[in-house]
Novice: 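One structure coming up, written as structure tokens, with questions to follow.
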There are 2 protein chains.
Amino acid sequence: MARVRKTVTIRDVAEDAGVSLQTVSRVVNGGPNVRPQVRDKVRASIERLGYVPSLAAQRMSGSRSYIILALNDRERTLADWRERRGTDWVDQMLLGGILTCSRHGYRMMVELVDTHSDHVERELGAALSALQPDGVILTPPHSENRLITELLAARGIPFARIGSDAEGPGIALTMGDEGAAHLATTRLAELGHTRIAMIAGPASYSLSGWRIAGWKRALAERGLPSEGLLEVGDFGYESGTRAARALLDRNPDVTAIIASSDQMALAALEVARDRSLAVPRDLSLISFDNTPIVRFSQPPLTAIDQPIAKTVSRAVEQLIARGQAAEGGAVIEVAAGLVERSSTALAPARA
Amino acid sequence: MARVRKTVTIRDVAEDAGVSLQTVSRVVNGGPNVRPQVRDKVRASIERLGYVPSLAAQRMSGSRSYIILALNDRERTLADWRERRGTDWVDQMLLGGILTCSRHGYRMMVELVDTHSDHVERELGAALSALQPDGVILTPPHSENRLITELLAARGIPFARIGSDAEGPGIALTMGDEGAAHLATTRLAELGHTRIAMIAGPASYSLSGWRIAGWKRALAERGLPSEGLLEVGDFGYESGTRAARALLDRNPDVTAIIASSDQMALAALEVARDRSLAVPRDLSLISFDNTPIVRFSQPPLTAIDQPIAKTVSRAVEQLIARGQAAEGGAVIEVAAGLVERSSTALAPARA
DNA sequence: ACAAGTCTTGAGAACGCTCTCAAAATGTGC
DNA sequence: GCACATTTTGAGAGCGTTCTCAAGACTTGT
């Protein structure tokens, strides 16, 4: 009954290979200056003994922690999660991150932090002290939270801001919101729509502004109007219902709506159903996000696919590559695509 | 330009409070034998300096790692994720786990491991060596993977098996699959249905057997037939389509179907639509899981809500409480509930 | 063949914490 | 007020790694 096999340490390997501790360390970390012959011998011992360095020890000895911390908005995440509205963002981020991290020998950890709390500094500070991550990934709305970015900058921890293209500290990664909105709008225009409305996200997210800009630019390019065709929601279902109602009340002639989140699009779909507007016959609908819920609605929604996983993956790579260099300035764009399903069609013939 | 503020260590606190290192450690860990007066003084210093123990150092010094590792099936997870089918299980697990962990000063880490690979031992072994978690949470199908449970038992790491009620090593947590299926079946019978079919999951998951058992028990209690009313899928959408077709081809008189996953239920819904069977007028549908996608389908589906988050939460608590005691035997049940939406109705009048 | 390099190796300290064990302080019973 | 038990405190080692720096083993040029 072999209980609790003692952990294999670097010392065991050194002994087994007949070299010093330090040499093993060099081999493990791909250091230069090791004779091929010695390297192979050590590798063989590592293999045989099944040695894997302890993350904790590595961290202790002042080197990297091999941990990337991903920060999400606690309030929003928990609300979406408790009400079973789906937390796809977390999924995308977690999985995209995990995969890329593991490819580089890193680990990803997810942390929920409140945006609106004045405990931000305390909570985040605690997480940073405890984990000492090599990099931090910020998602909206944290990406634009001064308290957070400054805290990270002060501590000298490299970080990436996702969904934020403002130049500033850290690496910024945008998903091309202006272009995506332009793409969606243009597609609708091509289908013959002339009254194309938008339900935008809150102004506190800079991506909301970019999406509105893209929509307006596409409309302007074709001489289409935008007046009265903009409503603002908070990305949530209820706000989508309110916005869609207001929009249709004010503009009975609207034939296409772009919603800034799947939830709001689904709400618009429901409003349309209530008013006996068939989608896509009477009303075309395009949503932002492309989370699983829009694949199974009736009809399935055409959506702008937010490449969150890919973006997070890029962020991880950047963070790992940059190492200690927390200098800012870089802005990376990962373009979104349009996934056409069944909620878009030719504009109805004019009445 | 204050760069990289040096980390606050236990030594700084000790100095500040004018006590020894060891005393601070005792206060931090709630050790006994510290005078209230001294404790308060130390606490004040901790507060003032913003001290938070380093996870790595804690781990190093031979105590706990404060990390709980959650294992998921890589193959299934990645497939669901890449195809945008939703990975709600991961969400539930991650969020339920994170919340409970943080309440106890722990952290949760998610790891994807292939079930079918013979690398299991290597992959898992590496993760365990690197992370040295205080506990591991296994989800189906890992919960019943001998290689994995034995590896964990051999290393003396406490672990919880979710969705598995077989007695065995580690703590078993079941979500009462037999009872849940019984509940769903009974509810349908109460609505007047007499031909109640089931699309079960694969036999390799023991929960599939339990669900079938619950369904059969409920039918037997009311003298209803089960012959020819069982189909097996693999939880995925396509398999649901096949199963539903086979079922309806063979039994045109079926008026109710219980599907063992949301994906399969949605597939059945689509099959019904193809055959002009109105749900719930002609066919009632109940699914298992209650992931976000079934809230937004048309009609929204009645579903057995799998309390994954709660179960993981319980698992975390158990693991933390048990500490080093990896003894097995315990079986904990967290009951599932039925969420009624619009896919269930009174059985249609007999033709 | 010798001095001056360059490449390879190893010894020892350090990281921040908890553990063990002994010393100091306090309390108790008579 | 003294011997003893008990509580409280601190000193020092140790956890598994990497870092710094010096020593040893080869080259090379002359």
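In this text the structure is predicted, and so the values were computed from the model without any measurement. Every chain is numbered from 1 and lettered A, B, ... according to where its sequence line falls, protein lines coming before strand lines.
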Novice: Got a donor-acceptor contact below 3.5 angstrom from the A:Asp16 side chain to the A:Asp12 backbone?
Specialist: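 Checking the backbone N and O of A:Asp12 against the side chain of A:Asp16, no donor-acceptor pair under 3.5 Å is found.
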Novice: Using the C1' atoms of five pairs at each end, what's the angle between the two axes of the helix from C:dA1-D:dT30 to C:dC30-D:dG1, to 10 degrees?
Specialist: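 Here the helix ends are tilted 30° relative to one another.
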Novice: Provide the start and end nucleotides, 5' to 3', of the part of DNA chain D that has atoms under 4.0 Å from heavy atoms of chain A.
Specialist: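 The protein-touched segment is D:dG16 to D:dC19.
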Novice: Any carboxylate oxygen within less than 4.0 angstrom of a Lys/Arg side-chain nitrogen, looking at A:Glu111 and A:Arg74?
Specialist: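 No, A:Glu111 and A:Arg74 are not salt-bridged.
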Novice: Can you list everything that forms a side chain to side chain donor-acceptor pair (under 3.5 Å) with B:Ser61? Sequence neighbours excluded, please.
Specialist: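 None.
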Novice: With sequence neighbours left out, what residues match B:Asp80 under side-chain contact (heavy atoms from CB on, under 4.5 Å)?
Specialist: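 For B:Asp80, the residues satisfying side-chain contact (heavy atoms from CB on, under 4.5 Å) (neighbours in sequence not counted) are B:Arg76, B:Arg85, B:Thr87.
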Novice: Can you sort out the partners of B:Ser20 under side-chain contact (heavy atoms from CB on, under 4.5 Å), two or more places apart, ordered by chain and number?
Specialist: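 If we apply the side-chain contact (heavy atoms from CB on, under 4.5 Å) test to B:Ser20, skipping adjacent residues, the hits are B:Gln22, B:Thr23.
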Novice: Using the side chain to side chain donor-acceptor pair (under 3.5 Å) criterion, which residues pair with A:Ser313? Sequence neighbours excluded.
Specialist: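 A:Ser313: side chain to side chain donor-acceptor pair (under 3.5 Å) contacts with A:Thr100.
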Novice: At less than 4.0 Å, is any side-chain N or O atom of B:Ser25 found next to OP1 or OP2 of C:dT18? Yes or no.
Specialist: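 Indeed, a polar side-chain atom of B:Ser25 lies that close.
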Novice: Name all pairs fulfilling the salt bridge (charged side-chain N to carboxylate O under 4.0 Å, His left out) condition that reach into residues 21-42 of chain B, sequence neighbours left out, sorted by first residue then second.
Specialist: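 Applying salt bridge (charged side-chain N to carboxylate O under 4.0 Å, His left out) to every pair that reaches into residues 21-42 of chain B, excluding sequence neighbours, yields nothing.
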Novice: Which atom pairs, one a donor and one an acceptor, fall under 3.5 Å between side chains of residues 135-152 of chain B and the rest of the protein, sequence neighbours left out?
Specialist:
| residue | atom | partner | partner atom | Å |
| --- | --- | --- | --- | --- |
| B:Thr139 | OG1 | B:Leu71 | O | 2.9 |
| B:His142 | NE2 | B:Asn72 | O | 3.2 |
| B:His142 | NE2 | B:Asp73 | N | 3.4 |
| B:His142 | NE2 | B:Val113 | O | 3.0 |
| B:Ser143 | OG | B:Leu138 | O | 3.3 |
| B:Ser143 | OG | B:Thr139 | O | 3.3 |
| B:Ser143 | OG | B:Ile162 | O | 2.7 |
| B:Glu144 | OE1 | B:Ser206 | N | 3.1 |
| B:Glu144 | OE2 | B:Ser164 | OG | 3.4 |
| B:Glu144 | OE2 | B:Ser206 | OG | 2.6 |
| B:Asn145 | OD1 | B:Leu147 | N | 2.9 |
| B:Asn145 | OD1 | B:Ile148 | N | 3.2 |
| B:Thr149 | OG1 | B:Asn145 | O | 3.3 |
| B:Thr149 | OG1 | B:Arg146 | O | 3.1 |

Novice: Under the ring pair (Phe, Tyr, Trp, His ring centres under 6.0 Å) definition, can you give me all pairs with a residue in residues 44-80 of chain A, not counting sequence neighbours?
Specialist: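 Passing the test, one end in residues 44-80 of chain A: A:Tyr66-A:Tyr106.
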Novice: Of all residues at least two apart in sequence or in a different chain, which pass the side chain to side chain donor-acceptor pair (under 3.5 Å) check with A:Ser65?
Specialist: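 For A:Ser65, the residues satisfying side chain to side chain donor-acceptor pair (under 3.5 Å) (neighbours in sequence not counted) are A:Asp134.
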Novice: If you measure from the Lys or Arg side-chain nitrogens to the Asp or Glu carboxylate oxygens, is any gap between B:Arg122 and A:Glu47 under 4.0 Å?
Specialist: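 Here B:Arg122 pairs with A:Glu47 in a salt bridge, since their nearest N and O are under 4.0 Å apart.
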Novice: Output one letter per nucleotide in nucleotides 8-14 of chain C: B when a protein non-hydrogen atom lies under 4.0 Å from the base, S when only the sugar-phosphate is that close, - when neither is.
Specialist: BBBB---
Novice: Tell me which residues in residues 44-55 of chain A put a heavy atom below 4.0 Å from DNA chain C, sorted by number, or none.
Specialist: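 Correct list: empty, so none.
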